[in-house]
Amino acid sequence: MYVCSAAATSAALLAIGATLLTGPVAQAAPAAGDRRGDTLVIAHRGASAYAPENTLAAVDLAARMGFDWVENDVQRAKDGELVVLHDDGLARTTDVEQRYPDRAPWKVKDFTAAEIATLDAGSWFGSAWAGARVPTLTEYLRRVDRNDQRLLLEIKRPELYPGIEADTLRVLREQGWLDRAHVKRKLVIQSFGADTVRTVHRLRPDVVTGFLGTPAVADLPAYAAFTDQINPSHTTITAGYVAAVHRLKGPHGKRLAVSTWTVNDAAGAVRVDDFGVDGIITDRPDVVRDAVG
Ligand code: G3P
Ligand code: CA
C-alpha cells in the first residue's frame, strides 16, 4: 500500500544516508519519470542474489544493504510447524538427498521441523554459506523484527496445506506481528491462491493482503473486495493494467497497490517504474534501487 511504500522507502534511504525523498505518488499524478524514488523495493526471499534464499542470512544481508522490506515463502512441515522455504520439496536448496537418501521425493510436508532444522540450506549457494538453516516462521519473524524490517509474507502452495491460513495467523499473533504497529506498517500477506487471500482477509480483516497474479481487468473489482494489492509478474503488465488496478479501492478504502516480480535488472526496473507500480520485488535490491531510487 502506498502509505507503507513511502515509509519503507524513506527508511531505506535514511539507512544508507541518501537524500530523503517525499511526496505521495498519486495525489499530484505526476509523470512517471517525476515520481521515481517513491517506488518500494522489496528484497525477494531476502537479498537472494547474494545469499541463500529464504534464510536468516538473506534477511540480515538485506538489512545491511539498507532494505527493510523482505519477501518470503511459508510452508508447513509434517508436524505442523511452519517453515520458510520456496519449493514444496527440499532437494534444490538443501542437502536432504545426502542426509535422507531413502526419503524421495523429499517433500517439505513429509519431514518434521526438527529434521528440516538439521539440513544445510547454504552450501548449494556457495561454500561460504555452509550451515545456513531453513528457518521456522517463528525464527524468521523474530529475526525480521530484530532487524526492524517489514515482511511481505507469501503463503506458498496453500492447496497442499489445508488450514495454513489460520496456522500462519496464529504464529504471527504469537510473535506479536498482529499488534497494531505491525499490522499498520510492517506486514502484508500474499498468495497465488485467491481463496487463501480471501480467507486471510476473513479471519483478520485488518491485515493488508495481496493477490499474486494478473486477474483480467473485468475481474479486478471482485478482487478488490478482499485484497489490497494485485501483485503480478512483470512480464504480464502494462501501464494500462497498472492504471486499471489503481482506479479501484481495496477493502481498507485505499487505492489498490501493485508490486511486481521478479525484476532483477536496471532496464526492467525502469520499465515497470514507468508503468507506475508501487513496489518492485527483486533478488537484486541494490540494482533496482540504483535504477529507480
Ligand atoms: O513475491 C512474488 C514472488 O515471490 C512470487 O513468485 O515463485 O518467487 O514465489 P515466487
Ligand atoms: Ca514468493
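Order of listing sets the numbers, starting from 1, for every ligand and every atom in it. Just so it is clear, the structure is predicted and the values come from calculations on it, not from any experiment.
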Legend entry - Heavy-atom closest contact (T138 atom, E81 atom, distance): OG1-OE2, 4.2 Å

Inset, instruction - Below 3.0 Å of the Ca ion (ligand 2), tally up the protein N/O/S atoms for me. - result: 3

Legend entry - Salt-bridge present (D110, K78; N to O < 4.0 Å): no

Inset, instruction - State, yes or no, whether a side-chain contact exists between Q175 and D145 at a heavy-atom distance under 4.5 Å. - result: no

Inset, instruction - Please determine if R99 and D120 form a salt bridge, counting it only when a charged side-chain N lies under 4.0 Å from a carboxylate O. - result: no

Legend entry - Short N-O contact, R103 and E115, less than 4.0 angstrom: yes

Legend entry - Pair R143 + E139: basic N to acidic O under 4.0 Å: no

Inset, instruction - Establish, yes or no, whether a centroid distance under 6.0 Å links the rings of F111 and Y100. - result: yes

Legend entry - Residues in the immediate environment of ligand 1 (any heavy atom closer than 4.0 angstrom): H44, R45, E71, D73, H86, E154, K156, Q190, F192, L212, W261, I281

Legend entry - Identified salt bridge (Lys or Arg N to Asp or Glu O under 4.0 Å) counterpart of D88 within the set K156, R76, K107: K107

Legend entry - Salt-bridge present (E154, R45; N to O < 4.0 Å): no

